[in-house]
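Keep in mind that what you see is a predicted model, and the values were worked out from it rather than measured.
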Amino acid sequence: MGNDDKQRAAATCDRCGEIGIVQIWPDGSFQPLGQSTFCDCEPSELRVIETDPDELP
């Protein structure tokens with residue numbers, strides 16, 4: 001299935017507090033799932049707050 005190299009996590013914008021879901025890539029970078037951003041901040045200061053427990057070792 002090719003999904004095991006990526007995971008999802010909850011993230012928040014440290015500027016406005018908006019919360020959304022991000023996809024985390026194998027290199028540690030991440031981006032909002034299904035959109036380019038989930039808030040109107042320029043630039044967004046996203047911080048991962050929770051990873052998907054089903055994908056933890």
Side-chain angles (χ1 to χ4, degrees):
M1 291 221 180
N3 270 354
D4 44 278
D5 57 346
K6 296 175 284 198
Q7 60 181 340
R8 293 180 185 171
T12 185
C13 176
D14 282 339
R15 289 178 178 238
C16 71
E18 190 73 29
I19 295 173
I21 302 298
V22 294
Q23 181 138 15
I24 304 174
W25 301 98
D27 66 1
S29 65
F30 55 88
Q31 72 177 55
L33 194 62
Q35 57 210 24
S36 59
T37 186
F38 50 72
C39 67
D40 294 326
C41 297
E42 287 294 329
S44 297
E45 293 191 14
L46 302 181
R47 175 175 51 88
V48 172
I49 55 176
E50 182 180 323
T51 56
D52 185 339
D54 293 334
E55 298 195 9
L56 295 176

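Note that CD1 of Ile21 is 13.5 Å distant from CD of Gln31, once rounded to the nearest 0.5 Å. Note that the CD atom of Gln23 and the CG atom of Leu33 stand 5.5 Å from one another [nearest 0.5 Å].
Checked by atom type and distance alone, the side chain of Arg15 never pairs as donor or acceptor with a backbone atom of Asp40 at under 3.5 Å.
A heavy-atom distance below 4.5 Å is not found between the side chains of Thr37 and Cys13.
Under the side-chain hydrogen bond (donor to acceptor under 3.5 Å, both in side chains) criterion, Ser36 pairs with no residue at all, not counting sequence neighbours.
Across every non-hydrogen atom of Phe38 and Val22, the tightest pair is CE2-CG1, 3.9 Å. Of all heavy-atom pairs spanning Phe30 and Trp25, the tightest one is CA-CD1, 4.1 Å. Looking at every heavy atom in both residues, Pro32 comes nearest to Leu46 through CG-CD1, 3.9 Å. Of all heavy-atom pairs between Arg47 and Asp14, the closest is NE-OD1, 2.9 Å.
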